[in-house]
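Note that the coordinates shown come from a computational prediction; the quantities given were computed from them, not determined experimentally. The basis for the numbers below is simple: all heavy atoms, side chains too, and nothing from hydrogens, waters or symmetry mates. In what follows, chains are A, B, ... by sequence order, proteins preceding strands, each numbered from 1.
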There are 2 protein chains.
Amino acid sequence: MTEPLTQSIQDYLKHIYELTERSQPASTTDLAARLNVAPASVTGMLQKLAAAKPPLVIYKKHQGVTLTKAGLRAALEVIRHHRLLETYLVNALGYTWDEVHEEACRLEHVISEEFEARIATALGHPNRDPHGELIPSADLTMPADQSTPLSSLRPGQSATILRVDAQDPNLLRHLDDLGLTPGIEIEVSAYSEFDHNLTVRVRRKSHVLGLNTTTKIFVEVDK
Amino acid sequence: MTEPLTQSIQDYLKHIYELTERSQPASTTDLAARLNVAPASVTGMLQKLAAAKPPLVIYKKHQGVTLTKAGLRAALEVIRHHRLLETYLVNALGYTWDEVHEEACRLEHVISEEFEARIATALGHPNRDPHGELIPSADLTMPADQSTPLSSLRPGQSATILRVDAQDPNLLRHLDDLGLTPGIEIEVSAYSEFDHNLTVRVRRKSHVLGLNTTTKIFVEVDK
DNA sequence: TCTATTATTTAGTCTAACCTAAATTATTGT
DNA sequence: ACAATAATTTAGGTTAGACTAAATAATAGA
Ligand SMILES: [Mn+2]
Ligand SMILES: [Mn+2]
Ligand SMILES: [Mn+2]
Ligand SMILES: [Mn+2]
């Protein structure tokens, strides 16, 4: 229905999705920070999105926004593009996982459904991107996320890395150097209850990881 | 030098390049037609491009525009993107030659130099796109075009198709059905001097082609 | 409960790129 | 050479999406 959504609107919806994923409406300020835009600009756009036909968000002054059905579909469409693109850049064109975000962020608004379908096929219809983020299916449903943050594991537990929730290229390269990437088996050997550091064994080496790292790595705990 | 050129400016420069390729400044009206924009809008943009620092075009009221050095480089940059993309879509993603133009026209403004370099490498640094159009080199020089229009051949001459200068998907599919695609050997067996039809032998079959077709196919004549 | 701080919204501007209508300039056929 | 026609430019407007500064609302701490 209706005219195509602008780039800018697509980015707003994508970020609203991400901010509201764990319920809670998204605040003006958080959106402004993510979108690199002044808070006043966000207010203006949110009013517009709420007034669109059909409305893309539910917005109440001073109380944040959430997506409507239509807004959610549009957001998942962009996110599917983004994550498929990242996967394609890595698997087919040899990018590393720290190089793909910006490229995907520009391309996501511009590829056709044809292009989307062709790269999905070329990749064998993956469900996760190079960072382990889930890729919405072609019919725009987001698979359920079963992962636990690494920070919640304790000595003796072992797990498989599912997902790394970071965009900072330096951090991504660092994690790659340590071998902390999706699919990898790890084991927790120590925990410091004062600074919350975890000692993690990967590839036969141990590393002490701080909270800043362990809250960004999500795993499936072995049983 | 300077800020990145907008999509719109990139498209203007690309079309000015194409219109001025056979010398002659490009007219406001021709540009308007190609860009699907009102003539008045073109005038406005041309004034802006001429006033840019550095100037991208040379523009004199009522006399059309040509590209400056800087404008030429920018145009070739976009054209290289466009043609590499078309080639990639066909060779790597299985598009047919009638499906690629629009997709490339959107992507051309958005891919990074990194992306350009990677697809160029993946393709083995081609010099022609799927229609046989020459691809500017990475250092932004356009190879010389050595081709002759098929319409200038006469019975007895044989040639290899180098290039097909058409965007209309229906025409492209038709030519593909006949086997009139770059790289193919053809032989002219008859000419009608009244309607300028040529009878052309391709793949052991003969076809009578009108001027509308034969001026869009460019060949290298066998010696 | 009141005040200080922070978050959010309003008001007023700006820029890019387009538009239409009217005015002007060029060109062409006689 | 000149009127009719065609091409081009000017003038004035619109829209999307941003910005800054000022006003207002919410919240938290004493
Ligand atoms: Mn984006
Ligand atoms: Mn899609
Ligand atoms: Mn384009
Ligand atoms: Mn380039």
H62(A) atom NE2 is separated from dA23(D) atom C1', nearest whole Å, by 11 Å
Neighbour count above 12 (heavy atom, 6.0 Å) for E21(A) CD: yes
When rounded to whole Å, the CE to P distance for the pair M45(A) and dC19(D) reads 11 Å
Carboxylate-amine/guanidinium proximity below 4.0 Å for R118(B) and E103(A): no
I need the residues from residues 6-13 of chain A with at least one non-hydrogen atom less than 4.0 Å from DNA chain D; give them sorted by number, or say none. T6(A), S8(A), Y12(A)
Tell me whether E114(B) at atom CD has more than 12 heavy atoms from other residues, nucleotides or ligands lying less than 6.0 Å away. yes
Taken to the nearest whole Å, CG/L46(A) to P/dG17(D) is 13 Å
Let me know the distance between NZ of K60(A) and C1' of dA7(C), rounded to the nearest Å. 19 Å
Between dC18(C) and S41(B), is there an OP1 or OP2 to side-chain N/O distance shorter than 4.0 Å? no
Trace of the side-chain contact (heavy atoms from CB on, under 4.5 Å) decision for L172(B) with H131(B): CA-CA 9 Å; L172(B) 287 171; H131(B) 310 100; 3.9 Å; yes
Can we say R173(A) and D176(A) salt-bridge, meaning some charged N sits less than 4.0 Å from an Asp/Glu carboxylate O? no
Counting side-chain heavy atoms from C-beta on, which of dT9(C), dC18(C), dT10(C) comes nearest to Y59(A)? dT9(C)
Would you please confirm or rule out a distance under 4.0 Å between OP1 or OP2 of dT10(D) and any side-chain N or O of K61(B)? yes
